[in-house]
Novice: 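Questions regarding the structure given below will be posed in turn.
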Protein chains: 2
Amino acid sequence: MSMRGEKNQAEVLAIMRMSRGPLSAYEILEKLRKAHPKIAPPTIYRALAALTECGRVHRLESLNAFMACKRGRHQHDSILSICDDCGTVEENVDSELLEELSSLIGKSGFKPKRHVIEVHGLCASCRS
Amino acid sequence: MSMRGEKNQAEVLAIMRMSRGPLSAYEILEKLRKAHPKIAPPTIYRALAALTECGRVHRLESLNAFMACKRGRHQHDSILSICDDCGTVEENVDSELLEELSSLIGKSGFKPKRHVIEVHGLCASCRS
DNA sequence: TTTTTTGTTATGTTATAACATAACATTTTT
DNA sequence: AAAAATGTTATGTTATAACATAACAAAAAA
């Protein structure tokens, strides 16, 4: 295993952790270019793929964006609630709910591998 | 209310119903261009927005694709299982599970509006 | 040196902004 | 009432923004 990729991943992760909300790949790119002007999209996407793979970053499918896992790392699929007003995302883990979902879907013989659960709405403070 | 948009929507929907799996907007565009060569992306996206709005079409956020609702129309958010092997998508409706999800997320004061639930895996026949 | 990782260029894919026009409805004028 | 003007909404059109990856070159590690 090499160290080079890990450096990119660490920098990408650091940028994401400084952000209060999700970032698009190109937003990350822009920020990273302040330090490394020549960096290109594939570098970001590779870093994001690795970070997503190991659970340190969540991809928000319904936003085409990414965020650092607030708990450091999630081994399992997480349940994300996305405030459509302020952009804040909360993470929840609930393996029981995932189980129920799997068993509902499993009735037809389907074998679940990855759960995408993203709930859009308004967070507590934006509701008022 | 006009009739004009409804014609595009009907054609888009007809194309989607002829497909066994989800289609990207550009795949629909390509098909529609056989009849209407000059049609442009916004026309497709507008039709898809209207059809999604009224529940006749589901958007698959994790695929950036669309499919006709197999039951004609869903009033509520549906639970989609996507076979990563053959591309088949199954629809499920389970308002109880949606309730549980809402209440889990609602603990923090979050007010859910739209649920994106997409489960990736293998369908019964691809599993064997 | 062979393999693997990373960098680089180019391009593919998805989606929408911005503006122009068309279609039809409504009101006003004649 | 018929014709003209105006408003309103849908659609067409161009261009471009935004997201993502293929393909290959270069460098590093094994």
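Numbered from 1 within each chain, the chains take letters A, B, ... in sequence-line order.
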Novice: Do the side chains of Val116(A) and Val93(A) join up, straight or via other hydrophobic residues, at under 4.5 Å, putting them in one cluster?
Specialist: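 No, because Val116(A) and Val93(A) fall into different hydrophobic clusters, even though each may have its own neighbours under 4.5 Å.
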
Novice: Counting heavy atoms from C-beta on, name the nucleotide in dT16(C), dT9(C), dC19(D) closest to the side chain of Tyr45(A).
Specialist: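 Ranking dT16(C), dT9(C), dC19(D) by closest atom to the Tyr45(A) side chain puts dC19(D) first.
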
Novice: In whole angstroms, how far is the P atom of dT5(C) from the CG atom of Asn8(A)?
Specialist: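 Atom-to-atom, Asn8(A) to dT5(C), this comes out as 14 Å.
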
Novice: Partners of Glu91(A) by side chain to side chain contact (heavy atoms under 4.5 Å, CB included), sequence neighbours excluded?
Specialist: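 Result, side chain to side chain contact (heavy atoms under 4.5 Å, CB included) vs Glu91(A): His58(A), Met67(A), Cys69(A), Lys70(A), Arg71(A), His74(A), Leu80(A).
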
Novice: Just compare dA20(D), dA15(C), dT21(D) and give me whichever is closest to any side-chain atom of Phe66(A).
Specialist: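 In terms of side-chain proximity for Phe66(A), the closest of dA20(D), dA15(C), dT21(D) is dA20(D).
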
Novice: In whole Å, I'd like the distance from the CD1 atom of Ile39(A) to the P atom of dT8(C).
Specialist: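 So the CD1-P distance, Ile39(A) to dT8(C), works out to 9 Å.
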
Novice: Over how many whole Å does the gap from Leu48(A) atom CG to dA18(D) atom P extend?
Specialist: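 Whole-Å distance recorded here is 18 Å.
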
Novice: Taking CZ from Arg59(A) and P from dC19(D), how many angstroms apart are they, rounded to a whole number?
Specialist: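 Taking CZ of Arg59(A) and P of dC19(D), I get 10 Å after rounding.
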
Novice: Nearest whole Å is fine: how far is dT14(C) C1' from Leu63(A) CG?
Specialist: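 Whole-Å distance recorded here is 15 Å.
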
Novice: Could you pull out all residues at least two apart from Arg56(B) that satisfy salt bridge (charged side-chain N to carboxylate O under 4.0 Å, His left out)?
Specialist: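 In terms of salt bridge (charged side-chain N to carboxylate O under 4.0 Å, His left out), with neighbours along the sequence ignored, Arg56(B) is linked to no residue.
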
Novice: Nearest to the side chain of Arg46(A) - dT21(D), dT6(C), dT14(C)?
Specialist: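 Side chain of Arg46(A) sits closest to dT6(C).
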
Novice: Roughly, in whole Å, what's the span from NZ in Lys7(A) to P in dT6(C)?
Specialist: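 So the NZ-P distance, Lys7(A) to dT6(C), works out to 12 Å.
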
Novice: Just distance, no hydrogens or angles: give the donor-acceptor pairs under 3.5 Å from side chains in residues 119-128 of chain B, sequence neighbours left out.
Specialist:
unit_1: His120(B); atom_1: ND1; unit_2: Asp84(B); atom_2: OD1; d: 2.7
unit_1: His120(B); atom_1: NE2; unit_2: Ser62(B); atom_2: OG; d: 2.8
unit_1: Arg127(B); atom_1: NE; unit_2: Gly109(A); atom_2: O; d: 3.2
unit_1: Arg127(B); atom_1: NH2; unit_2: Gly109(A); atom_2: O; d: 3.1
unit_1: Ser128(B); atom_1: OG; unit_2: Ser125(B); atom_2: O; d: 3.0

Novice: Mapping Asn64(B) and Ala40(B) to their closest nucleotides on DNA chain D, which lands nearer the 5' end?
Specialist: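 Between the two, 5'-proximity favours Ala40(B).
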
Novice: I'd like to check the side chain to side chain contact (heavy atoms under 4.5 Å, CB included) partners of Asp77(A); sequence neighbours left out, ordered by chain and number.
Specialist: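 Testing Asp77(A) for side chain to side chain contact (heavy atoms under 4.5 Å, CB included), a comparison that skips the adjacent residues, returns Leu98(A), Arg114(A), His115(A).
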
Novice: In residues 16-32 of chain B, which ones come under 4.0 Å of DNA chain C, going by heavy atoms?
Specialist: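 Heavy-atom contacts with DNA chain C come from Ser24(B), Tyr26(B).
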
Novice: What pairs meet the side-chain hydrogen bond (donor to acceptor under 3.5 Å, both in side chains) rule with one or both residues in residues 28-53 of chain B, with sequence neighbours excluded?
Specialist: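 Checked against side-chain hydrogen bond (donor to acceptor under 3.5 Å, both in side chains) - neighbours excluded - the pairs reaching residues 28-53 of chain B are Glu11(B)-His36(B).
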
